[in-house]
Amino acid sequence: MIYRTGHQDVIVLPIAVHKAGEIMKSHGSSVVAALLFAATLAIAGCGSDTTGSNSGLFGPGTGTGTTTGTGTLPSGQVVLVRLGTDNLIQSDPPNYKKIWVALVTDTNGNPVAGATVTFALRSGSALDPGGYLKGRYVLPPPPPFLPQEWRQIPSAGCANEDADFNDILGPTEDFNGNGLLDPPGVSGVNATGVSDSFGFALATIAYPQNYATWAQLTLEARTGASGVTPATAAFVLPGLASDFSTLTVSPPFVLSPFGQSGSCADTL
């Protein structure tokens, strides 16, 4: 993630991608840790495909970790809310879809059925400010170079322009001059879900495929009472594993929709 110091741009660091607690592979300094992209990085080959969706992404999940929210239902019952997900996404051209779950339990850990969970996507928070990358994907060198998959070449890591996290364009927030806040507004989620008998309510996040791997957002889930801290999870919009590994076809996210220049002060 980027900790805002003005609009400081980029840090390039080695980073390792984990799956189920085990280091799968290191992608070295070609990965920009500017957002810390400490959410699971969308790098091909570290995920698995499923027969139904032919989808996969990378690492044990897509969050930087979740905050547990606490709420009170209209019945007066105190409940806890946690967010979680798996390593799969769905292709629904021109969109991808990613499913998260909010688990609603009482303070003894018992599932709470029939609770209405309100979901929202935020551009970031003080702890997870979010941000976006500029750059492009390129083909790998020929074998024996591994992995044989499209390689992300970031040119700049840019801070979330929504400095006060209110999703409203302020007079000094449009740093790149395009009349918009970047990266807010690149994805959507169902407004509410109702927990089932196991306490799970589903949140389906949909976003255009060209934004995958280039933006970090925060999902929040809350129940009942106003003013209660919601459960939150920050993540990078993931891409489909097969879109990285098909070298004869450019992935839909081959170019960052935010531009390819080395400056966050323009949209080039």
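Numbering starts at 1 and runs along the sequence shown.
In summary, Arg151 and Glu149 do not engage in a salt bridge, as defined by a charged side-chain N under 4.0 Å from a carboxylate O. In this structure, Asp182 does not pair ionically with Lys134, as no charged nitrogen and carboxylate oxygen lie closer than 4.0 Å.
Of the inter-residue distances, the one linking Asp167 atom CG with Ser123 atom OG reads 4.5 Å to the nearest 0.5 angstrom. One distance of note links CG of Asn95 with CD of Gln209; it measures 7.0 Å at 0.5 Å rounding. Here CZ of Arg122 is found 10.0 Å from CG of Leu219. Values are rounded to the nearest 0.5 Å. Atom-to-atom distance recorded for Asn190:CG and Thr118:OG1 is 10.5 Å, nearest 0.5 angstrom.
Tracing side-chain contacts under 4.5 Å through hydrophobic residues (I, L, V, M, F, W, Y), one reaches Phe253 starting from Leu247; they form part of the same cluster. Residues Leu139 and Leu240 share a hydrophobic cluster, clusters being chains of Ile/Leu/Val/Met/Phe/Trp/Tyr side chains in contact below 4.5 Å.
Ring centroids of Phe119 and Trp100 are separated by 6.0 Å or more, keeping the two rings apart.
The aromatic rings of Tyr137 and Trp214 sit perpendicular to each other, their planes meeting at more than 60°, with 30° as the lower class boundary.
Listed for the Ser263 side chain is a donor-acceptor partner under 3.5 Å among the backbone atoms of Ala265.
When hydrophobic residues (I, L, V, M, F, W, Y) are linked wherever their side-chain heavy atoms come within less than 4.5 Å, the members clustered with Leu103 are Ile99, Val101, Phe198, Phe200, Leu202.
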